[in-house]
Amino acid sequence: QAQLAESGGGLVQPGGSLRLSCAASGFTLDDHAIGWFRQAPGKGSEGVSCITSDGSTYYRDSVKGRFTISRDNAKNTAYLQMSSLKPEDTAVYYCAADNIRSVQAMCAIPLGYVGIRGQGTLVTVSS
């Protein structure tokens, strides 16, 4: 059974950093696009950052220069390095995978329609 499991969330002060991990099991990530999505309380989901199998990346404007997406196909794991965190980054973060070639299209998918998604990890940015 194809599964994704996120880890690395937690409470961090504004300006701090966190690294989220997304471990895949039951399938290989190397031929999938991977996306990190988030959903803040009372809001819809949004694509934060995505990466295709060939390494093309996309970042939403609000995280450019602060977040970095990466993948380690040998470990079947993807990452989201988050720096200079702001209170508005507070959300449940989900990783997702799908057989999509366009990085923009991957990040535009509503989270409920993505092929494979994890259960989410909560990131809280607060002093």
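Keep in mind it's a predicted model, so treat the numbers as computed, not measured.
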Legend entry - Intermediate values then yes/no, side-chain contact (heavy atoms from CB on, under 4.5 Å), Arg117 and Leu111: CA-CA 8 Å; Arg117 57 173 275 191; Leu111 185 58; 3.8 Å; yes
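- Enclosure of atom CD in Gln3 by more than 12 non-hydrogen atoms of other residues, nucleotides or ligands within 6.0 angstrom is indicated.
- The backbone N or O of Cys95 lies less than 3.5 Å from a partner atom in the side chain of Glu6, making a donor-acceptor pair.
- In this structure, the side chain of Ser127 does not engage the main chain of Gln13 through any donor-acceptor pair within 3.5 Å.
- Using a 4.5 Å cut-off on side-chain heavy atoms (C-beta onward), Phe27 and Gln1 make no contact.
- Interatomic distance, CE of Met106 versus OG of Ser56, reported as 13.5 Å (0.5 Å rounding).
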Inset, instruction - Tell me, with the steps shown, if Thr121 and Leu20 meet side-chain contact (heavy atoms from CB on, under 4.5 Å). - result: CA-CA 8 Å; Thr121 186; Leu20 305 182; 4.0 Å; yes
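- Side-chain contact between Thr28 and Asn76 is present, with at least one heavy-atom pair separated by less than 4.5 Å.
- Hydrophobic clustering (side-chain heavy atoms under 4.5 Å, transitive across Ile, Leu, Val, Met, Phe, Trp, Tyr) keeps Val114 apart from Ile51.
- Contact check for Leu29 versus Leu4: side-chain heavy atoms found under the 4.5 Å cut-off.
- At least one side-chain heavy atom of Cys22 sits less than 4.5 Å from a side-chain heavy atom of Trp36.
- In this structure the side chain of Val12 never reaches within 4.5 angstrom of the side chain of Thr124, judged on heavy atoms.
- The side-chain heavy atoms of Arg66 and Lys86, taken from C-beta on, include a pair separated by under 4.5 Å.
- Between the side chain of Thr77 and the main chain of Lys75, a donor-acceptor pair closer than 3.5 Å is present.
- Between Asp89 and Arg38 there is a salt bridge, since at least one side-chain N of the basic residue sits less than 4.0 Å from a carboxylate O of the acidic one.
- A continuous path of hydrophobic side-chain contacts links Ile116 to Ile69 [ILVMFWY only; heavy atoms under 4.5 Å].
- Atoms CD and OG, on Gln119 and Ser7 in that order, are 13.5 Å from each other to the nearest 0.5 Å.
- Hydrophobic clustering (side-chain heavy atoms under 4.5 Å, transitive across Ile, Leu, Val, Met, Phe, Trp, Tyr) groups Ile34 together with Val48.
- Evaluation of the ring-ring contact (aromatic ring centres under 6.0 Å, His included) test over residues 37-95, restricted to residues two or more places apart or in two chains, returns none.
- Using a 4.5 Å heavy-atom threshold, the side chains of Ser126 and Pro87 count as separate.
- In this structure, Gln81 CD and Ser21 OG are separated by 9.5 Å, a value rounded to the nearest 0.5 Å.
- Under the 3.5 Å distance criterion, the side-chain polar atoms of Arg71 are matched with a main-chain donor or acceptor of Thr52.
- Counting heavy atoms from C-beta outward, Asp98 and Ile109 have side chains that approach closer than 4.5 Å.
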